[in-house]
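Order of the sequence lines sets the chain letters (A, B, ...), proteins ahead of strands, with each chain counted from 1.
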2 protein chains.
Amino acid sequence: MSRPTKHAPERGNARTRLLEAARDLIRAKGFAGTSVDDLCKAADVTKGAFFHHFASKEALGVAAADFWAETTSAFFEAAPYHGPADPLDRVLAYVAFRKAIIEGEIAEFTCLVGTLAQEVYASAPGIRDACARSMFGHTATLEADIEAARQARGIKADWTAESLARHTQTVIQGAFVLAKAANDPALARESLDHLDRYIRHLFHLTREHAA
Amino acid sequence: MSRPTKHAPERGNARTRLLEAARDLIRAKGFAGTSVDDLCKAADVTKGAFFHHFASKEALGVAAADFWAETTSAFFEAAPYHGPADPLDRVLAYVAFRKAIIEGEIAEFTCLVGTLAQEVYASAPGIRDACARSMFGHTATLEADIEAARQARGIKADWTAESLARHTQTVIQGAFVLAKAANDPALARESLDHLDRYIRHLFHLTREHAA
DNA sequence: CGCAACATACCAAACGGTCGGTATGTGTCA
DNA sequence: TGACACATACCGACCGTTTGGTATGTTGCG
């Protein structure tokens, strides 16, 4: 029983630990508020390792946003809300799922790329664009279900699936801002209830219809 | 024709210039990304003046949030959306007004206290609380019109005026996040259209009803 | 005079980033 | 098989600059 030979020279795990540290520290303290030394300490690596893997702090920011895109898309793909056969039920289940995962520490359920984009949109366009790719890549996955629901139910809409998918993201991002300001996750959940009610309205559903 | 004597020993205008610089720079670069030197340069004052007026950089952050609360509440009080006699019309006019002022440079129409709270909610509770006061002080002004509209129209609601006022703020804050990520104000306006549609639904209004 | 409103010069710490070096593979060809 | 060339991963001392903050004036006005 031989150990598998490592062909591709295993992408160092210092790199991964730094990306995880970036995810956690930036969500709690912001990008500018997190120093390279902070990141190295949290990841338990040296500064040499940091600049071996990333050309600059800004490059780490871009990589962190890409890392976020990868890990969250895997997370949402594996999530239970894809179960229902009816596409509208999947959309409502998505909203319910987003509401359900809002709990515990604020830094643990809020969005890295939303925080990051808000902070550096003007000073670091590379990071901003990586955040946009992550955010709108995610809304695109919801868009398909919304469009399918619209067609299946023959809804004549003066809105597009794309805009409703983006509006859903708007409510989620805004909910995080209010939760942070008030230091209370309940405010975020509250807005997701309004979003749920709005979507049911657009599809002529009663409030009682189960998701 | 004598010059008006200044009685109240005019709260130094270096202080005001610093607060204005803080408002503009923090919206563009974030709080941690804006240095005391940056602020002094933009306000054309020296560091001595800065620390004469503010005990620390964090104290300036609190003062900037308070300054934002004062100036925006004056701005919204003077805004035209208070005109309509019907309270619901005032609410819809508010949403239309918020949409109308989204134009030009992103840093010019986005919200200081939203940005600030998102960045420092965990590391500077004093600033966060000042942001919360500004934000929820503003939503409270909308809440009155929403509640009046609900009573005037005899709406039996499973939501409160308070929560709808906060949801409105949620959509506005989230709209700013998406506009920054995509570098496009149009995305912010788009979500305000969804919000308008939602409010009309809650009050059983047709889409055509004029605001 | 006395005090508020500044200006100037300075400081220690923290910052992002560089650099010479080591340890450990890995591919290749005689 | 072994040895040479080269690559990757990482270390930690060090560098120049910027940081938030302080100490000590100076100025002008009631």
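- We find that CG of A/Asn13 is positioned 7 Å from P of D/dC10, with the value rounded to whole Å.
- A heavy-atom distance below 4.0 Å to DNA chain D is reached by none of the residues of residues 29-40 of chain A.
- In this structure, A/Phe75 and A/Phe97 have tilted ring planes: the angle between them lies in the 30° to 60° band.
- Taking side-chain N and O atoms only, B/His52 has a distance below 4.0 Å to OP1 or OP2 of C/dA5.
- Of the residues listed (A/Val62, A/Leu39, A/Leu18), the one engaging A/Phe54 in a side chain to side chain contact (heavy atoms under 4.5 Å, CB included) is A/Leu18, and it is the only one.
- Taking atom NE2 on A/His53 and atom P on C/dT18, their separation rounds to 16 Å, with Å as the unit.
- Between B/Phe76 and B/Trp68, the ring center distance fails the sub-6.0 Å criterion.
- As rounded to whole Å, 15 Å separates atom P of C/dA7 from atom NZ of B/Lys41.
- Counting to the nearest Å, the P atom of C/dT8 and the CG atom of B/Asp44 are 11 Å from each other.
- The aromatic rings of B/His201 and A/His201 sit parallel to each other, their planes meeting at less than 30°, with 60° as the upper class boundary.
- For the pair A/Lys57 NZ and C/dC15 P, the interatomic distance rounds to 9 Å; values are reported in whole Å.
- At whole-Å resolution of the value, CZ in A/Phe51 and P in D/dC14 are 18 Å apart.
- Side-chain to base pairing of B/Lys47 with D/dG21: one donor and one acceptor N or O lie within less than 3.5 Å of each other.
- By the 6.0 Å contact criterion, CD on A/Glu105 is open, its count of non-hydrogen atoms from other residues, nucleotides or ligands being 12 or less.
- The aromatic rings of A/Tyr94 and A/His138 are tilted relative to each other, their planes meeting at an angle between 30° and 60°.
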